[in-house]
Amino acid sequence: MAANTLQNIYSELDWRGSIHQTTDRERLCSLLAENPQTVYAGFDPTSDGLHIGNFVPLMMLRRFQKAGHCPIVLAGGATGMIGDPSGKSEERNLLSAEQIEHNLQGIMDELGQFLDFESARPAILVNNYDWMKEWSYLTFLRDVGKHFPVNQMLAKESVKSRLDQSEAGMSYTEFSYMLLQAYDFVHLRQAYGCNLQVGGSDQWGNITAGIELGRRMGVGTLHGLTCPLLTKSDGAKMGKTEQGAIWLSAEKTSPYAFYQYWFNTDDADIDNCLRLLTELTEEEISALGEDRQTNPQNRQSQQRLAESLTLLVHGQQGLTGARRASEVLFGATISEMSDSDLTEIFADVPSEKLSRDTLGGEGLSIVDALCQAGLAKSRSDARRTVDQGGAYVNNARIENLDYRLGPGDLASETVVVLRSGKKRYALLKFL
RNA sequence: GGGGGGUUUCCCGAGCGGUCAAAGGGGUCAGACUGUAAAUCUGAUGGCAUAGCCUUCGCAGGUUCGAAUCCUGCACCCCCCA
């Protein structure tokens, strides 16, 4: 790997805004410039999949690998059993062993997807349970715990903020969390020569705990680097919607929904997202910024963001499908399509099956149709929607309350596409 | 242990015998404007067979022609004094 490639990683992370805090900047820069380094980031199995909050540190590992360094992804099979108090305002409920095992399976597969395990300098996937399980409580206390001054532990933000609120408090279990993560770092240093840990800004306390432990246990100087949390301009976390988090797995968040999430990113946040999450160059991103000033209606930035992330997470096929669905959904009237096309395009749109007979005779009233499709909570609600001009059949607005669906309203062999408002779709299948 | 206050529609919060399906705000939904953005503006927001009817104001009773509003009991919450 060329030396100049190595040199660039720090400055790249810097212009991308990926650096929140680092330990001794000078030394870290020269370390990264001189030799390929092994870098690690940990992910606890708090849920059975990764969401976009995990994305920033993952992309960071990916960038390190592309720059010629060796990334280690750590799945927290052990730490997940304890629960990280960092960034949490109250004590967490412990997950059951089965739950953790299940979650671990889910995230291990996904973690692998963003890194290259085949190259000359392959990424490494580890599970901290593998080394933590060897310890007995007594030996851990003697060999590791002895190096932790409680007064320093109490000074950590994650602990202090909890103790300051008299209501919240903290269990001894959570209090001990930082020992485990600190030891992970030391272990990875010993086993893989890993000198650098990266993570979200809320991990700073845990990372420095590891560095401190390394010093006391005499494994040498360790380094830490944190990235900012992905937030919107109004301070809210990115990736949260009314329906919940945006996940990386296609089962939890469809490629279409994923694509649309990014496509709808606020102008105020888009630059930040492009820099933190994509692999577009500085030039491309600033060109997009200019285009956004002059031709905002083209939504070039949003499109590039949505495309590059969907491609990375869901592959070419996922992207093609998402893009095609977006074209049809936000396009003109839907007609003369085939069932298979519609089913594919509206893959994650709720659908209801009805008897073909309901279309015969007088047909199905628009009010009933909206209720059946789940687009209205009650008939009153459906009436309101139509009244206010928010009801659409095959993307054509229906304003007449007495409108009845008949065979002529089928967009394909058996499907009618209903919509409420701008974006809420549902299918009725008449079989 | 003594004294006081509270419980209202998704949330906060007015109402304190009829004109109350219940002010106002938030949220949500829809519309307009736009760029599938933001901001803004408008409308809607218990249900139904929708000029009408039915069900809602902690729970159960009672007073009254009539109660979210008054009385009694019960449950839960909060504050002050000890």
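If you find the closest nucleotide of RNA chain B to A/Gln297 and to A/Asp381, the one lying nearer the 5' end belongs to A/Gln297. Along RNA chain B, the nucleotide closest to A/Arg397 and the one closest to A/Asn298 are compared, and the more 5′ of them pairs with A/Arg397.
Taking the six-membered ring where the residue is Trp, A/Phe258 and A/Trp262 present perpendicular rings, their angle passing 60° and hence far from 30°.
Judged by atom type and distance alone, A/Gln302 does not reach the base of B/U36 through any side-chain donor-acceptor pair under 3.5 Å. Not a single donor-acceptor pair, N or O on each side, falls under 3.5 Å between the base of B/G35 and the side chain of A/Asn295.
Every stem involving RNA chain B, taken as at least 3 paired positions in a row under the Watson-Crick or G-U wobble test at 3.5 Å, is listed here: B:1-7 with B:75-81, B:10-12 with B:24-26, B:27-32 with B:40-45, B:46-48 with B:52-54, B:58-62 with B:70-74.
Taking atom P on both nucleotides, B/G61 is separated from B/U42 by 45 Å, rounded to a whole Å. Taking atom P in both B/C59 and B/U45, the straight-line distance is 24 Å, to the nearest Å. Comparing B/U69 with B/U7, their C1' atoms sit 14 Å apart, to the nearest whole Å. Comparing the P positions of B/U28 and B/U34 gives an interatomic distance of 24 Å, to the nearest angstrom. The C1' atoms of B/A23 and B/C70 are separated by 23 Å, rounded to the nearest whole Å. The P atoms of B/U9 and B/C53 are separated by 25 Å, rounded to the nearest whole Å. Only the P atoms considered, B/A21 is 25 Å distant from B/G26, to the nearest whole Å. Rounded to whole Å, the separation between the C1' atoms of B/G1 and B/G18 comes to 43 Å.
An OP1 or OP2 oxygen of B/U50 is reached within less than 4.0 angstrom by no side-chain nitrogen or oxygen of A/Arg384. Applying the 4.0 Å criterion to OP1 and OP2 of B/U50, one finds that A/Ser380 has every side-chain N and O outside that range. Note on A/Lys377: every side-chain N or O is 4.0 Å or more away from OP1 and OP2 of B/A30. A sub-4.0 Å separation between OP1 or OP2 of B/A30 and a side-chain N or O of A/Thr385 is absent. Of the side-chain N and O atoms in A/Tyr392, one or more sit less than 4.0 angstrom from OP1 or OP2 of B/G31.
Going from atom NZ of A/Lys423 over to atom P of B/C29 covers 11 Å, rounded to whole Å. To the nearest angstrom, C1' of B/U36 lies 19 Å from CZ of A/Arg324. When the C1' atom of B/A49 is taken as reference, atom CG of A/Leu401 falls 15 Å away, rounded to whole Å. Atom CZ in A/Phe330 sits about 13 Å away from atom C1' in B/A37, given to the nearest Å. Between the CG atom of A/Asp387 and the P atom of B/U50 there is a distance of 13 Å, rounded to whole Å. Distance, A/Leu288 CG to B/A37 C1': 15 Å, rounded to whole Å. Between the CG atom of A/Asp266 and the C1' atom of B/U36 there is a distance of 12 Å, rounded to whole Å. In this structure, the CG atom of A/Asp267 is 12 Å from the P atom of B/A39, given to the nearest Å.
Ion pair A/Arg323/A/Glu307 flagged as a salt bridge, since at least one NZ, NE, NH1 or NH2 atom sits closer than 4.0 Å to an Asp/Glu carboxylate oxygen. Of the charged side-chain nitrogens involved, at least one lies within less than 4.0 Å of a carboxylate oxygen, so that A/Arg16 and A/Glu12 count as a salt-bridged pair. Ion pairing between a basic and an acidic side chain is recognised when a charged N comes within 4.0 Å of a carboxylate O; A/Asp341 and A/Arg324 show such pairing.
A/Phe117 and A/Ala123 make their closest contact through CD2-O, 3.1 Å (heavy atoms, listed as atom of the first residue, atom of the second, distance). Closest of all the heavy-atom pairs between A/Leu58 and A/Leu50 is CD1-CD1, 3.8 Å. Heavy-atom minimum distance, A/Pro45 versus A/Asn103: O-ND2, 3.0 Å.
Closest contact between the side chain of A/Gln388 and the listed nucleotides B/U36, B/G43, B/C48 involves B/G43. With B/G47, B/A37, B/C29 as the candidates, the nucleotide lying closest to the side chain of A/Arg299 is B/A37. Of the candidate nucleotides B/A30, B/A37, B/C48, B/A30 has the atom lying nearest to any side-chain atom of A/Ser420.
For the atom pair CD (A/Gln181) and CD1 (A/Ile82), the distance works out to 12.5 Å, reported to the nearest 0.5 Å.
The six-membered or imidazole ring of A/Phe114 lies near that of A/Phe55, with a centre-to-centre distance under 6.0 Å.
Using a 4.0 Å heavy-atom criterion, one finds that A/Arg383 contacts the bases of the nucleic acid, with or without backbone contacts as well.
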